[in-house]
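Have a look at the structure below before the remarks.
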Amino acid sequence: MAKLQPVRGTRDLIGEDSRTHLHIGDLARATAGGYGYTPIETPVFEFTEVFKRTLGDTSDIVTKEMYTFEDKGGDSLTLRPEGTAGIARAVLSGGLQNEMPLKWCYAGPMFRHERPQKGRLRQFHQIGVELIGVADPVGDIEVIALAAATLDALGVLPATILELNTLGDGESRATYRTALVGYLEGFRDRLSEDSQQRLDRNPLRILDSKDKGDQAIVADAPSFSDYLTPEAQAFFDSVRGGLDDLGIAYQLNPRLVRGLDYYCHTAFEFTTDQLGAQGTVLAGGRYDGLIEMMGGQPTPGVGWAAGIERLAMLTGPAPAGARAISVIGIGDAGEKAAAQVAQDLRQAGFTVELNYRGGLKRGLKRADKIGAAAAVFLGDDELARDGVTVRNLDDGSQSDVTLAGLKDHLAAYR
RNA sequence: GUGGCUGUAGCUCAGUUGGUUAGAGCGCCUGGUUGUGGUCCAGGAGGCCGGGGGUUCAAGUCCCCUCAGCCACCCCA
């Protein structure tokens, strides 16, 4: 263990950072609430099997990015790398299959053992929503509309574009995959080293390779849209029509893919060019195969997740809360009386900071530092006349106020 | 996991071809004001120069290793 450093890829959220994260979570929950989504909290760790089964043994997340450990009972546990698997598990272990549709939103930490860089940490935070039990495109449309509304509430929607694609159904994907691999095999030697591996493991990923040579080869590859079944095409058309009806702009991106098998039909991402290489702010899609893969009945689902750290880089710091009133006691009797005044003001709903010791000068310095709007002095002079002195910290003006009239006087500072 | 760049005070950074007690601004503390902040003035505290090893008469400065940060690849929110 290195000396008193945070673990690599983790960081403390203090002051403004913490406030901003909470603000983003609050706004997301409020927005989702307006769509009828209620909060869910699942554990931050699960049996490793939960993620292995759902993410697939060959995915990068499972093979190299999971924080996995053995607990004292000998079970293999894993810190969740994403939110959906745990929620699917909750559906099954809670016997909620008959409560469909389930509409949930969540916010919390996720863990992936990756090399940190801009917009990427080992412990990071996501907000997300899941709509489980709706097979119709109206579900996709609602979830995307909610995503846009959330980004709009945060004020970052104009900084993003919505990219949209379809992964089709299983049949569409299977025939396309065969055609794509057939085409790419002819160029195997000329593909980048990474893509040669992808060709065996995850050929669809080659479509969004950043390698220039790969891109040239991919340009002439078979197009997925030619392989969509009529049903899958109709589904996608419905989603697009619904977004058009709601006035939600999007850009088709045929190279937008998902690595995992249980994804199908709609895939979408809100991306930005303001965050360096990590441009994806919010990503989601339909995962009809997920719950079945975990051992449940076939159950449709669609949802998304967004990175709070990435959102925070776009929103900037959240607005500060109410300015405080500093209550400063002077002398033993004054400090005692000040404690009572502070208590009364707090119960009346004021934000109050009580000085602990050190006298008026120290109290005022502190008041200035925390940005208090006014200071209330309480010393022998004030006690003698059963009142307090109120100082306006913006203009320095002071007034004598009776104890009885203090709340009314301070109303101007709320 | 791979690559590039960077680690000097709480923060942001200077520090000459290797040369004597390592500096600045901001912040912090004290005093000027034994009942007045933010401005001003004076003073002060605070550094194993990320860590370890090496070269040298001499290392913050050069070399190696290691840790960390940043950025990119991979992958992803």
Side-chain angles (χ1 to χ4, degrees), chain A residues 1-11 24 28 55 58-65 81-84 107-128 147 151 160 192-195 197-198 201-202 205 208-211 256-260 269-272 275-285 303-314 326 328-331 334 355 358-383 388-398:
Chain A
M1 178 172 56
K3 54 175 181 184
L4 296 189
Q5 285 173 330
V7 173
R8 181 168 212 195
T10 69
R11 61 175 191 156
I24 289 171
L55 298 173
T58 59
S59 76
D60 272 46
I61 288 181
V62 169
T63 54
K64 56 186 199 191
E65 294 176 5
E82 53 95 36
T84 305
M110 306 292 165
F111 307 85
R112 292 183 195 170
H113 191 102
E114 300 182 279
R115 191 82 164 254
Q117 70 182 77
K118 187 179 181 69
R120 169 188 293 170
L121 293 165
R122 288 185 172 179
Q123 174 174 340
F124 62 106
H125 299 79
Q126 286 186 331
I127 54 177
L151 296 177
T160 67
S192 66
E193 198 175 321
D194 286 329
S195 283
Q197 287 176 15
R198 284 190 276 236
R201 291 205 155 178
N202 203 344
R205 275 275 166 224
D208 65 350
S209 170
K210 289 181 186 176
D211 184 87
L256 180 60
V257 297
R258 289 283 120 89
L260 310 176
E269 293 186 3
F270 285 82
T271 60
T272 179
L275 255 40
Q278 254 57 46
T280 302
V281 166
L282 182 154
W304 52 258
I308 294 181
E309 283 82 0
R310 292 183 187 178
L311 288 169
M313 286 191 283
L314 292 176
S326 271
I328 304 170
I330 305 153
N355 78 314
L360 184 55
K361 189 185 182 83
R362 197 182 188 85
L364 274 171
K365 264 181 125 68
R366 169 76 184 169
D368 185 59
K369 189 171 185 175
I370 65 169
V376 174
F377 308 158
L378 234 180
D380 291 343
D381 296 352
E382 286 81 5
L383 285 172
V388 298
T389 300
V390 175
R391 180 176 175 89
N392 179 320
L393 291 173
D394 291 327
D395 63 20
S397 64
Q398 291 187 184

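Atoms considered below: every heavy atom in the structure, side chains included; atoms not considered: hydrogens, waters and symmetry mates.
Nucleotides B:G4 and B:C65, compared at atom P, are 11 Å apart to the nearest Å. Annotation: B:C70 and B:G32 have their C1' atoms spaced 45 Å apart (nearest Å). To the nearest whole angstrom, the two P atoms, one in B:U30 and one in B:A45, are 15 Å apart. Rounded to a whole angstrom, the distance from the C1' atom of B:G7 to that of B:U66 is 13 Å. Between the C1' atoms of B:G50 and B:C67, the separation comes to 7 Å (whole Å). For the P atoms, the distance from B:C28 to B:C75 is 48 Å, rounded to whole Å. If you take atom C1' in B:A24 and the same atom in B:A14, they sit 7 Å apart, rounded to whole Å. Nucleotides B:G31 and B:U36, compared at atom C1', are 16 Å apart to the nearest Å.
A:Q278 CD to A:M313 CE: the interatomic distance, rounded to the nearest 0.5 Å, is 8.5 Å. Going from atom CG of A:N355 over to atom CG of A:L360 covers 8.5 Å, rounded to the nearest 0.5 Å. Between the CD atom in A:Q123 and the CZ atom in A:R11 there is a gap of 10.5 Å [rounded to 0.5 Å]. Rounding to the nearest 0.5 Å places CD1 of A:I330 at 6.0 Å from CD of A:E382.
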Please walk me through it: do A:L151 and A:T160 pass side chain to side chain contact (heavy atoms under 4.5 Å, CB included)? CA-CA 9 Å; A:L151 296 177; A:T160 67; 4.2 Å; yes
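Counting any heavy atom pair closer than 4.0 Å across all strands shown, A:L121 reaches a base atom. Contact annotation for A:G396: base contact, defined as any heavy-atom pair under 4.0 Å involving a base atom. If you check every strand for non-hydrogen atoms under 4.0 Å, A:E309 touches nothing. Among the protein residues, A:G276 comes within range of the sugar-phosphate backbone only, with heavy atoms under 4.0 Å from sugar or phosphate atoms but none that close to a base. Residue-level contact check: A:R198 touches the backbone only, with heavy atoms under 4.0 Å from sugar-phosphate atoms and none from bases. Backbone-only contact: A:G9 has heavy atoms under 4.0 Å from sugar-phosphate atoms and none from a base. If you check every strand for non-hydrogen atoms under 4.0 Å, A:A305 touches sugar and phosphate atoms only.
Checking each of A:M110, A:E65, A:R112, A:R8 against A:R122 for a side chain to side chain contact (heavy atoms under 4.5 Å, CB included) leaves exactly one that passes, namely A:R8.
Ionic pairing of A:R120 and A:E114 is present here: one or more N-O contacts between side-chain nitrogen and carboxylate oxygen are shorter than 4.0 angstrom. Ion pairing of A:R258 with A:E269 is present here, as a side-chain N (NZ or NE/NH1/NH2) and a carboxylate O approach within less than 4.0 Å.
Residue side chain A:E382 reaches the base of B:G35 through a donor-acceptor N/O pair under 3.5 Å, judged by distance alone.
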Dot-bracket line, read 5' to 3' along RNA chain B, where crossing pairs take [ ] and | marks a partner on another strand, Watson-Crick or G-U under 3.5 Å: (((((((..((((.....[...)))).(((((.......))))).....(((((..]....))))))))))))....
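Contact annotation: A:R205 reaches the phosphate of B:C76 (side-chain N/O to OP1 or OP2, under 4.0 Å). For the OP1/OP2 pair of B:A72 and a distance below 4.0 Å, the side-chain nitrogens and oxygens of A:Q117 include at least one atom meeting the criterion. Here A:R115 does not reach the OP1 or OP2 of B:C71: none of its side-chain N or O atoms lies under 4.0 Å away.
Taking the side chain of A:L364 as heavy atoms from C-beta on, and the options B:G37, B:C76, B:C74, the nearest nucleotide is B:G37. You'll find that the side chain of A:T280 is closest to B:C76, out of B:G35, B:G37, B:C76. Each of B:A77, B:C73, B:C70 was ranked by its minimum atom distance to the side chain of A:P116; first place goes to B:C70.
Positionally, the nearest nucleotide of RNA chain B for A:I330 lies more toward the 5' end than for the other of A:Q278 and A:I330. Where A:R120 and A:L378 meet RNA chain B, the nucleotide closest to each residue was compared, and A:L378 sits on the side nearer the 5' end.
We find that CG of A:L282 is positioned 13 Å from C1' of B:C76, with the value rounded to whole Å. Atom-to-atom, CZ of A:R112 to C1' of B:C76 comes out at 6 Å; the value is rounded to the nearest Å. Distance CG (A:D194) to C1' (B:G3): 13 Å, rounded to an integer number of Å. As rounded to whole Å, 15 Å separates atom C1' of B:U39 from atom CG of A:D394. Atom CZ of A:R122 and atom C1' of B:C75 are 14 Å apart (whole Å). For the pair A:N355 CG and B:U36 P, the interatomic distance rounds to 14 Å; values are reported in whole Å. In this structure, the CD atom of A:E114 is 14 Å from the C1' atom of B:U2, given to the nearest Å. Atom-to-atom, CZ of A:R8 to P of B:C71 comes out at 12 Å; the value is rounded to the nearest Å.
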Mark up nucleotides 26-33 of chain B, 5' to 3', with B wherever a protein heavy atom is under 4.0 angstrom from a base atom, S wherever such an atom reaches only the sugar-phosphate, and - elsewhere. ----S--B
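Annotation for A:F124 and A:F111: closest pair CE2-N, 4.2 Å, computed over non-hydrogen atoms. The shortest heavy-atom contact between A:W304 and A:A147 is NE1-CB, 3.4 Å.
Side-chain contact, A:S397 with A:D395: a donor N or O sits under 3.5 Å from an acceptor N or O.
A:L393 is listed as a side-chain neighbour of A:L364, based on a closest heavy-atom distance under 4.5 Å.
Stacking here means ring centres nearer than 5.5 Å and ring planes tilted less than 30 degrees, and by that measure A:F377 does not stack onto B:G35.
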